[in-house]
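What follows is a short report on a single structure.
Position 1 is the first residue of the sequence, and the numbers go up from there. What you see is a predicted model; the values in this text were computed from it and never measured.
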Amino acid sequence: MSLDGNYDPDNIFAKILRGDMPCVKIYEDDEVLSFMDVFPQSDGHTLVIPKRPSRNLLDTNPEVLSGLIQKTQIIAQAIKSSLKPDGIIITQFNGAPAGQTVFHLHFHIIPRYENSKLSSHAHGQMAEMDHLSGLAAKIKAALK
Ligand code: AMP
């Protein structure tokens, strides 16, 4: 999947947005959905996606992008206060050669903890749902 091409309405995140696939939700409004990454690179790895379809950052409506990054900041602040990481990576990949594996725009929020190794991107182990739900509950409480 290169940078160009049509949006695939059957990508995993489109299915999550339609409710055809489950997710461990953190936040939702009319424009944005945020949920736990099921192959987390670290404890609290969270995704933030726009509801409006686009493949990557380059083909996204600028207003959608503005709203998305603002929500990403708010959710990152909630992760900071709830999970108390020592650092936070915020990242985003465009095109398969850049590391993108799901072709619906998303930001990754990846907390970093001193002395804790980062799992590899998109090749990690699937997390236990109970564990993800516990982390999501803490982040959601900090969003209120
Ligand atoms: P990227 O490689 O930047 O496109 O990121 C896609 C991310 O989605 C990876 O970090 C995957 O672990 C994550 N992912 C894949 N399937 C799911 C799913 N069903 N629910 C939550 N996260 C997912």
Side-chain angles (χ1 to χ4, degrees), residues 1-83 85-113 116-143:
M1 285 274 197
S2 70
L3 283 176
D4 301 312
N6 294 325
Y7 178 84
D8 172 12
D10 284 326
N11 74 74
I12 294 168
F13 294 170
K15 288 181 181 169
I16 288 174
L17 283 170
R18 285 198 297 271
D20 292 346
M21 270 189 76
C23 71
V24 179
K25 196 185 292 185
I26 288 178
Y27 174 84
E28 181 169 18
D29 63 24
D30 289 345
E31 276 90 40
V32 167
L33 177 68
S34 178
F35 51 95
M36 305 305 293
D37 196 305
V38 285
F39 301 100
Q41 289 188 255
S42 73
D43 246 10
H45 184 165
T46 297
L47 301 169
V48 191
I49 73 173
K51 290 195 168 174
R52 192 176 322 172
S54 71
R55 286 162 52 92
N56 57 52
L57 185 141
L58 306 181
D59 65 7
T60 299
N61 174 297
E63 280 175 26
V64 171
L65 189 57
S66 302
L68 184 67
I69 195 66
Q70 286 177 42
K71 292 287 158 42
T72 301
Q73 182 192 40
I74 290 167
I75 294 161
Q77 286 164 341
I79 289 172
K80 174 177 178 256
S81 62
S82 58
L83 304 186
D86 301 299
I88 297 177
I89 299 171
I90 294 181
T91 192
Q92 185 274 324
F93 304 106
N94 300 283
Q100 187 175 10
T101 57
V102 178
F103 297 89
H104 179 111
L105 174 64
H106 50 282
F107 282 107
H108 296 261
I109 305 174
I110 306 173
R112 293 301 321 265
Y113 308 90
S116 170
K117 274 179 79 177
L118 205 59
S119 303
S120 61
H121 170 68
H123 297 291
Q125 266 203 312
M126 194 163 190
E128 296 286 336
M129 287 305 130
D130 285 354
H131 182 62
L132 291 185
S133 300
L135 290 164
K138 288 184 189 172
I139 300 168
K140 279 193 280 192
L143 273 173

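- With sequence neighbours excluded, the residues satisfying side chain to side chain contact (heavy atoms under 4.5 Å, CB included) with A142 are A78, S81, S82.
- Every pair tested for ring pair (Phe, Tyr, Trp, His ring centres under 6.0 Å) that includes a residue from residues 60-80 fails, sequence neighbours excluded, so the list is empty.
- Here L17 contributes atom CG and R52 contributes atom CZ; the two are 13.5 Å apart, rounded to the nearest 0.5 Å.
- With sequence neighbours excluded, no residue forms a salt bridge (Lys or Arg N to Asp or Glu O under 4.0 Å) with K138.
- Judged as a salt bridge (Lys or Arg N to Asp or Glu O under 4.0 Å), and not counting sequence neighbours, E31 has no contacts.
- One distance of note links CD of E128 with OG of S133; it measures 10.5 Å at 0.5 Å rounding.
- The shortest side-chain heavy-atom distance between S34 and T46 falls under the 4.5 Å cut-off.
- For A14 against P9, the heavy-atom pair with the smallest separation is CB-O, 3.2 Å.
- In this structure, NE2 on H45 lies 13.0 Å from CG on L83, to the nearest 0.5 angstrom.
- Shown here are the salt bridge (Lys or Arg N to Asp or Glu O under 4.0 Å) partners of D20, two or more places apart in sequence or in another chain: R18.
- Counting only distance, with no hydrogens or angles, the side chain of S42 and the backbone of P111 share a donor-acceptor pair below 3.5 Å.
- For D43, the side chain to side chain contact (heavy atoms under 4.5 Å, CB included) partners are Y113, H131, L135, not counting sequence neighbours.
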For residues 62-73, run the donor-acceptor check on the side chains, cut-off 3.5 Å, and write out each pair with its distance to 0.1 Å, sequence neighbours left out.
residue : atom : partner : partner atom : Å
S66     : OG   : P62     : O            : 3.0
K71     : NZ   : D29     : OD2          : 2.8
T72     : OG1  : L68     : O            : 2.7

Please assess I26 against M36 for the test side chain to side chain contact (heavy atoms under 4.5 Å, CB included), listing each intermediate value before the final yes or no.
CA-CA 7 Å; I26 288 178; M36 305 305 293; 3.1 Å; yes

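- A76 approaches I109 most closely through the heavy-atom pair N-CD1, 3.8 Å.
- Considering all non-hydrogen atoms of both residues, I16 and P22 come closest at CG1-O, 3.9 Å.
- Contacts classified as ring pair (Phe, Tyr, Trp, His ring centres under 6.0 Å) and involving residues 16-41 (residues at least two apart or in different chains) are given here: F13-F35.
- Distance check: I74 CD1 to I79 CD1 gives 12.5 Å after rounding to the nearest 0.5 Å.
- The closest side-chain heavy-atom distance from D86 to R112 is not below 4.5 Å.
- With sequence neighbours excluded, no residue forms a salt bridge (Lys or Arg N to Asp or Glu O under 4.0 Å) with K15.
- A distance of 5.0 Å separates CD of E28 from CG of L33, quoted to the nearest 0.5 Å.
- Nearest heavy atoms, K25 versus A136: O-CB, 4.1 Å.
- Counted within 6.0 Å of NZ on K80, heavy atoms from surrounding residues, nucleotides or ligands total 12 or fewer; the atom is thus considered open.
- N56 approaches L58 most closely through the heavy-atom pair OD1-N, 2.9 Å.
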Which side-chain N or O atoms in residues 100-107 pair as donor and acceptor under 3.5 Å with protein atoms at least two apart or in another chain?
residue : atom : partner : partner atom : Å
Q100    : OE1  : G95     : N            : 2.7
Q100    : NE2  : R55     : O            : 2.8
Q100    : NE2  : V102    : O            : 2.9
H104    : ND1  : Y7      : OH           : 2.6
H104    : NE2  : P50     : O            : 2.7
H106    : ND1  : H104    : O            : 2.6

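- Every residue meeting the ring pair (Phe, Tyr, Trp, His ring centres under 6.0 Å) condition with F93, not counting sequence neighbours, appears here in chain and number order: H108, H121.
- Nearest approach of N94 to A98, heavy atoms of both residues: O-CB, 3.1 Å.
- Contact check for M129 versus M126: side-chain heavy atoms found under the 4.5 Å cut-off.
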